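The next block holds one structure in the form of structure tokens; read it before the comments.
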Amino acid sequence: MAQESSIITKNVWDSVKLYTVQCAKCSKWRLIPTKDKYEEIRERIVEQSFQCETAREWQPNVSCEDESDVDKHDNSLCWAMDRPSIPQTPRGWQRIIRIRAEGGTKFADIYYVAPSNQRLRSMVELDRYLSEHPKYREEGVTISQFSFQPPVPLDANYVAKRRALSASSHNMNSTYSTGAS
DNA sequence: GCCACCGGTGGC
DNA sequence: GCCACCGGTGGC
């Protein structure tokens, strides 16, 4: 069996601080308590729309009558729209989103961290890693469970020289928020 | 023209 | 020396 790679990340930080999803009925935003729950909702958002009542699972009695959980005009936060239908990360793995500094050429990097702590930056690296470590495929992990699709900044000026993005129907009604820069 | 991929390197 | 972060570019 192939030796584990020596590239081990010591500190893995996700730059996402908050996960929110928009109610399909009242359009208010609800905080999602965990990344796992957020990924579960995101994977199925097209077939199963999110509503305020869904949030009662962790926020008893919440309804469309209640105020939105977040203020999208809060300029101390950087909001980004996520893509729908990104597969849930396999158990034991992590999908990491790193928001880049403002004014650069790209908004964010996606990478996965394997249970071995190996950091994988692309489908090519992932596919190779799965081939070199057959146990994951034996457990049922497949390449189709991964996506490197990054979120899109709400502020089109966040990234330098990026053409202004019109609101895209491909975006789902959920956002990331990172802390103040 | 876009973006997936990955090489280079500044800062630790 | 290492690696998180950023930019360049090949392939579409």
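Letters A, B, ... mirror the listed sequences (proteins, then strands); counts begin at 1. Treat the numbers as computed from the prediction; the structure is a model and nothing was measured.
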Requested in this report: Return the value, rounded to whole Å, for the distance between atom CD1 of A:Ile97 and atom P of C:dA4.
Outcome: 17 Å
Requested in this report: Would you kindly give the CG-to-P distance between A:Leu120 and C:dC3, to the nearest whole Å?
Outcome: 14 Å
Query raised in the report: Just one of A:Thr20, A:Val16, A:Ile32 clears the side chain to side chain contact (heavy atoms under 4.5 Å, CB included) bar with A:Tyr38, so which one?
Result: A:Ile32
Report task. Take the protein atom CZ of A:Phe146 and the nucleotide atom C1' of B:dA4, then report the distance between them rounded to whole Å. Result -> 17 Å
Query raised in the report: What string of B, S and - do you get for nucleotides 6-12 of chain C 5' to 3' if you count protein non-hydrogen atoms under 4.0 Å?
Result: BBB----
Report summary line: Between OH of A:Tyr111 and C1' of B:dA4 the distance, given in whole Å, is 18 Å
Report task. Can you tell me the distance, in whole Å, between the OH atom of A:Tyr129 and the P atom of B:dC5? Result -> 18 Å
**Report entry** Rounded (10°) bend between the five-pair end axes of the helix from B:dG1-C:dC12 to B:dC12-C:dG1
**Finding:** 10°
Query - Donor-acceptor contact present, side-chain A:Lys28 to main-chain A:Asp69, <3.5 Å - result: no
**Report entry** NZ/NE/NH1/NH2 to OD/OE distance under 4.0 Å, A:Asp127 and A:Arg137
**Finding:** yes
Query - Of all pairs that satisfy side-chain hydrogen bond (donor to acceptor under 3.5 Å, both in side chains), the ones with a partner from residues 46-62 of chain A, not counting sequence neighbours - result: A:Lys25-A:Glu53, A:Lys37-A:Glu57
Query raised in the report: How many angstroms lie between atom CD of A:Gln145 and atom OH of A:Tyr136, to the nearest 0.5 angstrom?
Result: 13.0 Å
Report summary line: A:Ile96 CD1 to C:dC5 C1', in whole Å, measures 15 Å
**Report entry** Aromatic ring proximity, centroids under 6.0 angstrom, A:Tyr111 and A:Phe148
**Finding:** no
Query raised in the report: Is there a side-chain contact between A:Asp82 and A:Val152, using heavy atoms and a 4.5 Å cut-off?
Result: no
**Report entry** Side-chain heavy atoms of A:Arg100 within contact of A:Asp109, under 4.5 Å
**Finding:** yes
**Report entry** Length of the CD-P vector between A:Gln118 and C:dA4, whole Å
**Finding:** 11 Å
**Report entry** A:Val159 side chain reached by A:Lys106 side chain, heavy atoms, under 4.5 Å
**Finding:** no
**Report entry** Short side-chain N/O contact to C:dA4 OP1/OP2 from A:Arg119, under 4.0 Å
**Finding:** yes
Query raised in the report: Could you state the OH-P distance from A:Tyr112 to B:dA4, rounded to the nearest angstrom?
Result: 13 Å
